[in-house]
Amino acid sequence: MNSTTKTLLSACAALLLSQSMNALNTDVSNFFIEWRNHNGLPTMVEVEEKLESCKSEYQEIEMYKTATFGNMMLIDGVIMLTQRENFAYHEMIAHVPMVLHSNPKRVLIVGGGDGGTLTEILKHDSVLEVVLCEIDAKVIELSKKYFPEFSAAFEDPRVTIAIQDAAKYITTKEDYFDVICVDSTDPFGPGEVLFQKEFYTQIKNALTHDGIAVTQSESMYLYTDLIKALYKQNSELFPYASYYFTLVPTYPSGTIGFSLCSKKEINPEEANFSKIAALKNLRYYNQAMHKASFQLPQFLHNELHTN
Ligand code: SPD
């Protein structure tokens, strides 16, 4: 099926859903519906107005004002973040590896042009340098405008912004970063390369001897095969690999996880949790959530740990 047929079918499905829901007296015409990433479970968010949209060199970026979740950014029709609940994602992609590492000084963020992950990373006093490698300058520009709560992070003297393809940037660094957070788009389009073995091999080279990397790895319910493949690949490349997850209502199925890999054997139960006390304004992350996030439901445990 080509992409035009898929788009037409999606539009027809949206219309039919809208009509049948109207029959139930539920008007969905003012909802954004994420079809592209649905795997049988579309995500709907009530919107009040479209604030802005643009087609950059790489992707389509749209900004909406939602009814109850504040401003929302879409990239290629997929929800990236909303103001109300992005903390559950950004705190977990940032603080879990930062607390597991004994002394993270240099950090690379791949993607993350909205500034949410950057804001969380900068809460750690051990950090001397953060490189934000974002392929699309437009994401940063629109984020500064519509997510002002993150804009200070871009001005922090410890931060370098590299507008570059991360798959290329990462080949320029060896034994350099203590922590790498891959805050990417979905595993299709410009973000696809960030899920492939070659990129993880480069991540390994760019990490210091005890470095830790995490990559956003989607929902355990909708992307089980992807998570399994990443786990297998990372277990072959790194001494330690695992998956942990968080709860984000506007991501498909309400949950999203992260593939974690470390160049040193680690135990996620054992970290210097006293560091957490110094982190300001946490709303999701704490010691209990850190530990709980690695506890996997039996189906996923079986997928990862049995052949
Ligand atoms: N399926 C949605 C995955 C989005 C992951 N990245 C979000 C960017 C937020 N900084």
Side-chain angles (χ1 to χ4, degrees), residues 32-45 58-64 69-97 107-122 130 132-136 138-144 146-147 149-151 153-154 159 161 166 180-195 213-227 230 243-259 284-285:
F32 164 74
I33 305 176
E34 182 178 309
W35 289 105
R36 175 147 191 207
N37 197 19
H38 65 83
N39 282 324
L41 189 65
T43 309
M44 296 171 60
V45 181
Y58 302 98
Q59 52 211 352
E60 181 176 25
I61 309 166
E62 294 166 88
M63 302 295 320
Y64 281 92
F69 280 78
N71 292 344
M72 171 171 78
M73 175 186 273
L74 313 180
I75 292 187
D76 287 340
V78 174
I79 298 169
M80 289 295 113
L81 71 156
T82 75
Q83 280 183 302
R84 179 166 152 193
E85 36 74 286
N86 74 79
F87 65 87
Y89 174 88
H90 289 130
E91 291 183 19
M92 291 300 278
I93 193 173
H95 300 312
V96 169
V107 179
L108 170 66
I109 300 169
V110 171
D114 50 72
T117 302
L118 183 62
T119 300
E120 296 305 320
I121 292 287
L122 290 170
V130 191
L132 179 84
C133 185
E134 164 65 60
I135 197 169
D136 195 342
K138 265 284 171 195
V139 174
I140 298 178
E141 185 189 316
L142 288 175
S143 295
K144 283 182 175 169
Y146 294 107
F147 302 110
E149 58 274 41
F150 300 143
S151 54
F154 294 100
V159 174
I161 312 286
I180 298 178
C181 298
V182 184
D183 182 9
S184 69
T185 49
D186 286 33
F188 40 73
E192 193 171 345
V193 64
L194 306 178
F195 292 82
V214 294
T215 56
Q216 83 83 358
S217 297
E218 305 291 353
S219 157
M220 68 175 95
Y221 293 106
L222 307 180
Y223 282 90
T224 319
D225 291 346
L226 173 87
I227 294 164
L230 285 174
Y243 176 88
Y244 67 96
F245 68 96
T246 180
L247 305 172
V248 182
T250 57
Y251 286 158
S253 80
T255 175
I256 193 164
F258 308 92
S259 293
Y284 190 95
Y285 183 73

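Along the sequence shown, the residues carry numbers beginning at 1. Order of appearance sets the numbers: ligands from 1, and atoms from 1 within every ligand.
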For ligand 1, find each of its N or O atoms that sits under 3.5 Å from a protein N or O atom, and tabulate the pairs with distances to one decimal place.
unit_1	atom_1	unit_2	atom_2	d
ligand 1	1 (N)	Asn37	ND2	3.3
ligand 1	1 (N)	Asp186	OD1	3.0
ligand 1	1 (N)	Asp186	OD2	3.2
ligand 1	1 (N)	Glu218	OE1	3.1
ligand 1	6 (N)	Tyr89	OH	3.3
ligand 1	6 (N)	Asp183	OD1	3.4
ligand 1	6 (N)	Ser184	O	2.9
ligand 1	10 (N)	His90	NE2	2.7
ligand 1	10 (N)	Asp114	OD1	3.3
ligand 1	10 (N)	Asp114	OD2	2.6
ligand 1	10 (N)	Asp183	OD1	3.2
ligand 1	10 (N)	Asp183	OD2	2.8

- Kindly assign one of parallel, tilted or perpendicular to the pair Phe258 and Tyr89, based on the angle between their ring planes and the thresholds 30° and 60°.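 Correct class here is tilted.
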- Name the orientation class of the two ring planes belonging to His38 and Trp35 (parallel below 30°, tilted from 30 to 60°, perpendicular beyond 60°).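 It falls in the perpendicular class, over 60°.
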- Message: How long is the straight-line distance from CD1 of Ile161 back to CD1 of Ile109, given to the nearest 0.5 Å?
- Response: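 Here the interatomic distance stands at 8.5 Å.
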Pairs under 3.5 angstrom only: tabulate donor-acceptor contacts from the side chains of residues 246-255 to other protein residues two or more places apart or in another chain.
unit_1	atom_1	unit_2	atom_2	d
Thr246	OG1	Ala88	O	2.8
Thr246	OG1	Tyr284	OH	3.3
Thr250	OG1	Glu85	OE1	3.4
Thr250	OG1	Glu85	OE2	2.6
Tyr251	OH	Met80	O	2.4
Ser253	OG	Ser219	OG	2.7
Thr255	OG1	Thr246	O	2.9

- Item | Pair Asn39-Tyr221, side-chain donor/acceptor within less than 3.5 Å |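 Not at all, the side chains of Asn39 and Tyr221 share no donor-acceptor pair under 3.5 Å.
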- Measure the shortest side-chain to side-chain distance between Thr215 and Phe195 over non-hydrogen atoms and say whether it is less than 4.5 angstrom.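 No. Closest side-chain heavy atoms not under 4.5 Å.
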